[in-house]
Amino acid sequence: MPLMRIDMYKGRSEETIKQILDISYHVMLEAFGAPEGDRYQVVSQHEPFEMQVLDTGLGIERTDQVLIFSLTTRPRTTEQKETFYQNLVTELHQQLGIRPEDVVINLTVNSDEDWSFGNGRAQFLTGEL
């Protein structure tokens with residue numbers, strides 16, 4: 001159950017944002033083996049002066065199409081993570097023309113006790129999930 005937050009500059013169309021959400025959701029399902037309907041995504045749009053996305057000395061040049069994906073997730077294997085990274089960049093590029101250099105991805109791992117899907121219950125711990 002990843003919680004996916006996507007930060008971007010303002011200005012994309014509603015249709016493009018929906019496509020970004022759909023692509024990232026389907027890539028996540030495949031890479032992580034998550035069940036259909038396990039979809040928690042939040043988009044935040046920013047003015048250009050509100051985001052600084054540099055290259056950490058890697059020589060990567062960013063454009064105004066930069067996307068930052070921040071996922072909070074249960075533990076995943078290294079292979080699952082690398083598959084997610086590569087497939088997300090590939091699909092965004094092939095379907096929307098987003099440059100691979102403009103996609104930044106961060107995963108934060110937590111445990112089952114860190115999730116409540118509603119009703120004040122820890123459904124992973126109670127056996128509901």
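Computation of the quantities below employed the complete heavy-atom set of this structure, encompassing side-chain atoms and omitting hydrogens, waters and symmetry-equivalent molecules. Positions are given from 1, in the same order as the sequence printed here. This one's a predicted model, so the numbers in the text were calculated from it and none came from an experiment.
- Note that CG of L71 is 6.0 Å distant from CZ of F32, once rounded to the nearest 0.5 Å.
- Here the side chains of L107 and K81 are in contact, with some heavy-atom distance below 4.5 Å.
- Side-chain contact check for I6 versus S44: every heavy-atom pair is 4.5 Å or farther apart.
- In this structure, OG1 in T16 is found 11.0 Å from CG in L21, a value given to the nearest 0.5 Å.
- A 4.5 Å side-chain heavy-atom check between K18 and S13 finds every atom pair outside the cut-off.
- Side-chain contact between V66 and M8 is absent, with no heavy-atom pair separated by less than 4.5 Å.
- Between I20 and L67, the closest side-chain pair of non-hydrogen atoms falls below 4.5 Å.
- Judged purely by atom type and a 3.5 angstrom limit, E30 has no side-chain atom pairing as donor or acceptor with the backbone of V27.
- A salt bridge links D22 to R39: one of the charged nitrogens lies within less than 4.0 Å of a carboxylate oxygen.
- Ring geometry, F124 versus W115: the interplanar angle exceeds 60°, so the pair is classed perpendicular (tilted spans 30 to 60°).
- Across every non-hydrogen atom of P2 and R76, the tightest pair is CD-NH2, 3.7 Å.
- Under the 4.5 Å side-chain heavy-atom criterion for grouping Ile, Leu, Val, Met, Phe, Trp and Tyr, I17 is connected to M4 within one hydrophobic cluster.
- Side chain to side chain, E79 and T83 fail the donor-acceptor criterion of an N or O pair below 3.5 Å.
- Counting non-hydrogen atoms of neighbouring residues, nucleotides and ligands closer than 6.0 angstrom, the CZ atom of R12 exceeds 12 such neighbours.
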Next on the checklist: Would Y25 and E36 count as a side chain to side chain contact (heavy atoms under 4.5 Å, CB included) here? Give the steps.
Outcome noted: CA-CA 10 Å; Y25 169 66; E36 189 76 32; 3.4 Å; yes

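- Cluster membership check: V104 shares its hydrophobic cluster with M51, using side-chain heavy-atom separations under 4.5 Å among Ile, Leu, Val, Met, Phe, Trp and Tyr.
- Side-chain atoms of Q94 do not come within 3.5 Å of backbone N or O of E91 as any donor-acceptor pair.
- Taking hydrophobic clusters as Ile, Leu, Val, Met, Phe, Trp and Tyr residues chained together by side-chain heavy-atom distances below 4.5 Å, I105 does not share a cluster with Y9.
- Under 4.0 Å is where a charged nitrogen must lie from a carboxylate oxygen, and between D55 and R62 no such pair does.
- The closest side-chain heavy-atom distance from Q65 to L92 is not below 4.5 Å.
- Atom CE of M28 and atom OH of Y40 lie 10.0 Å apart (nearest 0.5 Å).
- Counting only distance, with no hydrogens or angles, the side chain of Q123 and the backbone of F117 share a donor-acceptor pair below 3.5 Å.
- With rounding to the nearest 0.5 Å, the separation of CD1 in I98 from OG1 in T63 is 9.0 Å.
- Expressed to the nearest 0.5 Å, how far NE2 of H26 lies from CG of N87 amounts to 14.0 Å.
- Neither side chain, N106 nor S70, offers a donor N or O lying under 3.5 Å from an acceptor on the other.
- Residues S111 and D114 have side chains that bring a donor and an acceptor to within less than 3.5 angstrom of each other.
- Under the 4.5 Å side-chain criterion, counting only non-hydrogen atoms from C-beta, E101 is not in contact with E61.
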Item to check | Intermediate values then yes/no, salt bridge (Lys or Arg N to Asp or Glu O under 4.0 Å), R121 and E128 | outcome: CA-CA 9 Å; R121 300 179 57 77; E128 296 167 77; 2.7 Å; yes

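- Following chains of ILVMFWY side-chain contacts shorter than 4.5 Å, one can reach V89 starting from L96, so the two form part of one hydrophobic cluster.
- Under a hydrophobic-cluster definition in which Ile, Leu, Val, Met, Phe, Trp and Tyr are linked whenever side-chain heavy atoms come within less than 4.5 Å, directly or via other members, I68 and V43 are assigned to different clusters.
- Counting heavy atoms from C-beta outward, T73 and N110 have side chains that stay 4.5 Å or more apart.
- Of the possible polar contacts, none joining the H93 side chain to the P100 backbone as a donor-acceptor pair under 3.5 Å is found.
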Item to check | Derivation and outcome, side chain to side chain contact (heavy atoms under 4.5 Å, CB included), residues T56 and L54 | outcome: CA-CA 6 Å; T56 316; L54 301 180; over 6 Å; no

